[in-house]
Trainee: 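The structure's right below; bear with me while I get my questions together.
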Amino acid sequence: MNNNKVRVRFAPSPTGGLHLGGVRTVLYNYLFARHHGGDFVLRIEDTDQSRFVAGAEEYIMQCLDWCGIQPDESPLKPGAYGPYRQSERKPMYAQYAHQLVEQGNAYIAFDTTEDLESMREQYKTEHHNAQYDGRTRAFMRNSLTLTKEEVDALLTSNTPHVIRIKMPQNETVVFTDMIRGEVSFDTNLVDDKVLLKADGMPTYHLAVVVDDYLMNISHAFRGEEWLPSAPVHLLLWKYLGWEAAMPQWAHLPLILKPDGNGKLSKRDGDRLGFPVFAMDWTDPRSMEQTTGFRERGFLPEAFTNMLAMLGWNSGMEQELFTMDELVQHFSIDRVHKAGAKFDYEKAKWFNQQYIQKTDNARLAELVQPFIADKNIAIQDEKLATVMGLVKERLHLLSEFWDQASFFFVRPETIDVTAIQAKWNDTTRQFFVLLAQKLGAAADWNHVAIEEVFNGAIAESGTKKGEAMLPLRVMLVGGKFGPGVFAIAEQIGKAETVGRIDAALKQL
RNA sequence: GCCGUGUUGGUCAAUCGGUUAAGACGCCUCCCUUUCACGGAGGAAUGACGGGUUCGACUCCCGUACAUGGUACCA
C-alpha cells in the first residue's frame with residue numbers, strides 16, 4: 001500500500017480554539033510535505049461526541065487559511081482517501097477491531113464504569129497505579145475470562161462493551177523517532193487501551209492507525225504527549241499486518257509557559273496578557289471570548305515565522321524566513337528535543353520586523369479592522385501615507401491608533417505640563433507669530449513649513465529648541481510621533497493653525 | 001508512585017571530542033535624532049550536579065537532581 005510519496009497529516013480534534021502548539025504542528029507538517037514535494041492532508045478527529053464543539057472545524061480551517069497553509073486534501077477538498085472526518089469513517093474501524101479480536105490481539109470487555117473504578121481502587125498499591133493490564137484483566141468481565149456462551153449471550157442482549165488491545169507480556173517495543181532516536185517501552189507497563197468504544201466509535205489509538213494506513217501516510221508528526229502511547233500504535237500496525245507501511249514517527253517538543261513550568265495553556269495567555277490561539281475564538285456554549293494573534297495585530301507571516309523558530313532552527317544566523325525559505329530549509333532533524341518556553345517579547349519582535357518590511361498599502365489594508373470602530377472615513381491613500389510615517393514604532397497592528405490618531409482627529413487633550421516647562425512670554429509670542437505666518441503660507445509641505453518655522457524663530461528671537469517640543473505637543477497631544485513638520489503637512493494648514501490656536505487658549 | 005522524554009546566559013538557540021562557547025530577544029551604556037521610535041557601537045549574563053571514558057569533554061557513558069509528558073470508553 002505504501003508507495004514512496006511523502007504524505008503527512010494534521011489531525012486536530014474540533015474541540016475549541018487552535019493554540020500555538022497546534023499551529024506549530026501544522027506548520028512542521030506542512031513544511032516537511034512541501035520540502036519533499038509531498039501531500040499535506042487535514043483530517044478531523046471527531047471521535048469524541050461529548051467534546052465536539054460546533055464551529056470548531058470551520059475555525060481551524062480559517063486559521064490554516066490565515067497562516068497561508070493550504071491542505072492538499074481536507075473535508076472541504078476531498079482527495080482519493082476520504083472521508084476526512086473520522087465520524088464519517090466510523091464503519092471502517094469496527095472491522096479491524098474485530099479482526100484483532102479474532103486474531104487474539106484484542107478482546108471484548110463488558111466492565112462498567114463502576115467495575116473499572118473499583119478495580120483501580122482494589123489493585124492500586126503504594127507504588128503502582130492499577131491499570132487494566134496483563135495482570136488485572138484476569139479479574140474483569142471480558143471475553144478472556146468469560147466462556148464463549150456467556151460472551152455471546154451478553155452480545156445478543158446488547159450489553160454495552162468495548163474492545164481492548166491485549167498487550168503482550170514481557171516484550172520490549174522499540175522504534176526510532178525522527179527527533180529522539182531510538183525509544184523503547186516495556187509492554188508489561190502499558191495498559192490494555194480501549195480501541196473501540198461502547199458507542200461504536202474508535203478511540204484515537206485505533207483511528208490513528210487505521211486512518212494513517214488507509215490514507216497512506218508516510219510520516220507522522222504529533223506532540224510529545226503522545227510518546228507514551230506509541231507502543232500501542234506500533235503493536236497495532238504490527239497486528240494488523242501493516243508493519244511495512246508504517247509511517248516514520250516524530251514526536252514534537254512541547255511549547256511551555258514562559259514563567260514557571262508546564263504546557264502552555266489558554267489560561268496562561270489570559271494571565272500573562274498574550275494570545276494563545278491563532279485567531280479569536282468564541283466558545284459557543286459559554287460564549288467566552290478568547291483573543292487570537294490575528295486580532296492582536298500579528299501578521300500571519302510573522303506569526304508562522306516566529307512559531308517555526310520555536311523548536312527548530314536552520315543552523316544559520318538568519319531568523320527571518322519567508323514561507324518559501326522555510327520550506328527550503330526545513331528539516332526534521334534540526335527540530336529540538338526539549339520543550340521551548342514561549343516568549344511574547346520575541347514574538348512581538350518578529351511582528352515588528354515584518355511590519356517594517358511590509359509595504360504601506362498592504363499594512364493600511366490590514367489595519368482596517370483595528371480602526372473600524374473609530375467611525376472615521378479615511379482615504380486609503382492617506383492611511384497608507386500615515387502608515388509609512390508611523391510604522392517603525394509599531395510592534396502590533398493594534399497599536400496603530402495610539403500612534404496615529406492625531407493624524408485624523410484633533411487630540412482631545414494635550415500634555416500641557418510638557419509645554420509649560422518651556423513656556424514664557426517669548427515662546428507665546430513666537431507661537432502667535434507662527435500661527436499667523438503658517439496661515440499665510442503659500443506652499444504646504446514639510447520643507448516649506450520648516451522654513452516658515454525657522455523664519456518665525458529668527459524674527460521672534462526664540463531658540464528652536466524651546467519651540468520644537470511645544471509645537472509637537474500642540475499638534476500631537478504628547479511627546480511622541482514622527483517628525484513634526486511631516487505631521488503638519490499631513491493634517492493640513494487649517495488644522496495645524498487651528499491646533500496651535502486652541503493650545504494657545506489653554507496656556 | 002510507576003513509565004517515557006528532556007536539561008548550553010532570564011528566553012530562543014549554534015556547537016555534532018580540541019572555539020576567546022556563535023547569533024537573536026530582553027536588559028544596561030553610549031552615538032544618531034531638538035519628541036518617541038528606527039538605526040549604529042559597546043556591555044552584563046550560559047554548559048544542572050557528581051562520577052567515569054579520553055591526551056583532551058558542553059559534546060560519549062553512568063548516577064543524582066530538577067523539569068516535563070503519560071498513567072481515561074479525551075485527544
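Just so we're on the same page: letters track the sequence lines, and every chain starts at 1.
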Trainee: Just checking A/Phe350: base, sugar-phosphate only, or nothing, at a heavy-atom cut-off of under 4.0 Å?
Mentor: nothing
Trainee: Using the C1' atom as the reference point in each nucleotide, state the distance between B/C16 and B/C73 in Å, no decimals.
Mentor: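 It comes out at 46 Å once rounded to the nearest Å.
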Trainee: Counting only heavy atoms not in A/Lys357, do more than 12 fall under 6.0 Å of its NZ?
Mentor: yes
Trainee: Between B/G40 and B/G6, how far apart are the two P atoms, rounded to whole Å?
Mentor: 39 Å
Trainee: Would you call A/Asp212 and A/Arg9 a salt bridge, taking side-chain N to carboxylate O under 4.0 Å as the test?
Mentor: yes
Trainee: In whole angstrom, what separates A/Asn454's CG from B/U34's C1'?
Mentor: 12 Å
Trainee: For the C1' atoms, the ones on B/U54 and on B/A65, what distance do you get once it is rounded to whole angstrom?
Mentor: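 So the two C1' atoms sit 26 Å from each other.
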Trainee: Treat a base pair as Watson-Crick or G-U wobble with both distances under 3.5 Å, then lay out RNA chain B in dot-bracket form, 5' to 3', with | for cross-strand pairs.
Mentor: (((((((..(((.....[....))).(((((.......)))))....(((((..]....))))))))))))....
Trainee: Tell me whether A/Arg164 forms a cation-pi arrangement with A/Tyr132, defined as NZ or CZ under 6.0 Å from the six-membered ring centre and within 45 degrees of its axis.
Mentor: yes
Trainee: Please give the distance between the P atoms of B/G63 and B/A21 as a whole number of Å.
Mentor: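 Here B/G63 and B/A21 have their P atoms 30 Å from each other.
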Trainee: Name the orientation class of the two ring planes belonging to A/Trp249 and A/His251 (parallel below 30°, tilted from 30 to 60°, perpendicular beyond 60°).
Mentor: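 Taking A/His251 first and then A/Trp249, their aromatic rings lie parallel (interplane angle under 30°).
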Trainee: Rounding to an integer number of Å, can you tell me how far A/Asp177 CG sits from B/G4 P?
Mentor: 15 Å
Trainee: If you assign each of A/Glu317 and A/Tyr204 to its closest nucleotide in RNA chain B, which residue comes earlier from the 5' end?
Mentor: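 That would be A/Glu317.
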Trainee: Starting from C1' on B/A37, measure out to CD on A/Glu392 and report it in whole angstrom.
Mentor: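 So the CD-C1' distance, A/Glu392 to B/A37, works out to 6 Å.
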Trainee: Side chain of A/Arg180, heavy atoms from C-beta onward: which of B/G6, B/C73, B/C2 has the nearest atom to it?
Mentor: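 It is B/G6.
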Trainee: Tell me, which pairs form a side chain to side chain donor-acceptor pair (under 3.5 Å) where one or both residues lie in residues 406-419 of chain A, sequence neighbours left out?
Mentor: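 Residue pairs with at least one partner in residues 406-419 of chain A: A/Arg410-A/Glu495, A/Asp415-A/Thr417.
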Trainee: Within residues 41-50 of chain A, which residues have any heavy atom lying less than 4.0 Å from an atom of RNA chain B?
Mentor: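 By residue number: A/Glu45, A/Thr47, A/Asp48.
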Trainee: Without decimals, in angstroms, what is the distance between A/Asp192 CG and B/U71 C1'?
Mentor: 14 Å
Trainee: Reading nucleotides 7-13 of chain B 5' to 3', which nucleotides get B (base under 4.0 Å from a protein heavy atom), which S (sugar-phosphate only), which -?
Mentor: S---SSS
Trainee: Is B/C31 in the syn range, within 90° of 0, or in the anti range?
Mentor: anti
Trainee: Specify whether A/Trp226 and A/Tyr204 have parallel, tilted or perpendicular ring planes, treating 30° as the upper limit for parallel and 60° as the lower limit for perpendicular.
Mentor: parallel
Trainee: Rounded to whole angstrom, note down the P distance from B/A75 over to B/A67.
Mentor: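 To the nearest whole Å, 30 Å.
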Trainee: Which nucleotide in the list B/C73, B/G1, B/G26 gets nearest to the side chain of A/Asn129?
Mentor: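 Ranking B/C73, B/G1, B/G26 by closest atom to the A/Asn129 side chain puts B/G1 first.
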Trainee: Can you work out whether A/Gly481 or A/Asp199 has the more 5'-proximal nearest nucleotide on RNA chain B?
Mentor: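 By nearest-heavy-atom nucleotide position, the 5'-most residue is A/Gly481.
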Trainee: Within residues 162-170 of chain A, find the residues that approach RNA chain B with a heavy atom at under 4.0 Å, and present them sorted by residue number.
Mentor: A/Val162, A/Arg164
Trainee: Can you name the side-chain contact (heavy atoms from CB on, under 4.5 Å) partners of A/Thr385, sequence neighbours left out?
Mentor: A/Gln490
Trainee: Measuring only the C1' atom in each nucleotide, how far is B/U34 from B/C28? A whole number of Å is fine.
Mentor: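 Between the two C1' atoms, the distance is 25 Å.
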Trainee: Taking atom types as modelled and ignoring hydrogens, do the side chains of A/Asp111 and A/Asn142 form a donor-acceptor contact shorter than 3.5 angstrom?
Mentor: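 The answer is no; no qualifying pair exists.
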Trainee: Quick one: sort the A/Phe408 and A/Trp401 rings into parallel, tilted or perpendicular, breaks at 30° and 60°.
Mentor: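 Plane angle under 30°, so parallel.
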Trainee: Checking A/Arg51 now: which residues fulfil salt bridge (Lys or Arg N to Asp or Glu O under 4.0 Å) with it, not counting sequence neighbours?
Mentor: A/Asp48
Trainee: Roughly how many Å is it from CZ in A/Arg472 to P in B/U33, rounded to a whole number?
Mentor: 15 Å
Trainee: Looking only at heavy atoms, what is the nearest atom pair of A/Lys193 and A/Val232, with distance?
Mentor: CG-CG2, 3.9 Å
Trainee: For A/Glu319, what residues pass the salt bridge (Lys or Arg N to Asp or Glu O under 4.0 Å) criterion, not counting sequence neighbours?
Mentor: A/Lys346
Trainee: Any side-chain heavy-atom pair from A/Gln328 and A/Phe321 closer than 4.5 angstrom?
Mentor: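 With C-beta onward as the side chain, the pair stays apart.
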Trainee: Just checking A/Lys124: base, sugar-phosphate only, or nothing, at a heavy-atom cut-off of under 4.0 Å?
Mentor: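 Counting heavy atoms under 4.0 Å across all strands, no contact is made by A/Lys124.
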Trainee: Whole Å only: how far is the CD1 atom of A/Ile179 from the C1' atom of B/C16?
Mentor: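 Rounded to whole Å, this separation is 17 Å.
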Trainee: How close or far is atom C1' of B/G4 from atom CG of A/Asp186, stated in whole angstroms?
Mentor: 12 Å
Trainee: Could you tell me which residues satisfy side chain to side chain donor-acceptor pair (under 3.5 Å) with A/Ser460, sequence neighbours excluded, listed by chain and number?
Mentor: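 So A/Ser460 forms a side chain to side chain donor-acceptor pair (under 3.5 Å) with A/Thr462.
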Trainee: Using only side-chain N and O atoms of A/Lys197, determine if any of them is under 4.0 Å from OP1 or OP2 of B/A75.
Mentor: yes
Trainee: Using the side-chain heavy atoms of A/Phe480, tell me which of these nucleotides is nearest: B/U35, B/C73, B/A37.
Mentor: B/U35
Trainee: Could you measure between the two C1' atoms, the one in B/C74 and the one in B/G50, and give it in whole Å?
Mentor: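 Nearest-Å result for B/C74 against B/G50 at atom C1': 42 Å.
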Trainee: Categorize A/Gly223 for me: base, sugar-phosphate, or nothing, with a 4.0 angstrom heavy-atom threshold over every strand shown.
Mentor: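 The answer is nothing, as A/Gly223 stays clear of every strand by at least 4.0 Å.
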Trainee: Of all residues at least two apart in sequence or in a different chain, which pass the side-chain contact (heavy atoms from CB on, under 4.5 Å) check with A/Pro202?
Mentor: A/Thr47, A/Tyr93, A/Leu196, A/Leu206, A/Ala207
Trainee: Looking only at atom P, what distance separates B/C58 and B/C49, rounded to whole Å?
Mentor: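 To the nearest whole Å, 11 Å.
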Trainee: Please report the distance, rounded to the nearest Å, between CD in A/Glu114 and P in B/C73.
Mentor: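 Interatomic distance, CD of A/Glu114 to P of B/C73: 13 Å.
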Trainee: Can you identify which nucleotide, out of B/A75, B/U35, B/G39, has its nearest atom closest to the A/Thr203 side chain?
Mentor: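 It is B/A75.
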Trainee: Output all residues satisfying salt bridge (Lys or Arg N to Asp or Glu O under 4.0 Å) with A/Lys263, sequence neighbours left out; order by chain, then residue number.
Mentor: none
Trainee: Of all the nucleotides listed (B/U71, B/G70, B/U5), which has the minimum atom distance to the side chain of A/Val183?
Mentor: B/U5
Trainee: For the side chain of A/Trp226, starting at C-beta, report the closest nucleotide among B/G4, B/G26, B/A75.
Mentor: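 Per side-chain heavy atoms of A/Trp226, the pick is B/A75.
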Trainee: What pairs with A/Glu121 under salt bridge (Lys or Arg N to Asp or Glu O under 4.0 Å), at least two apart in sequence or on another chain?
Mentor: A/Lys124
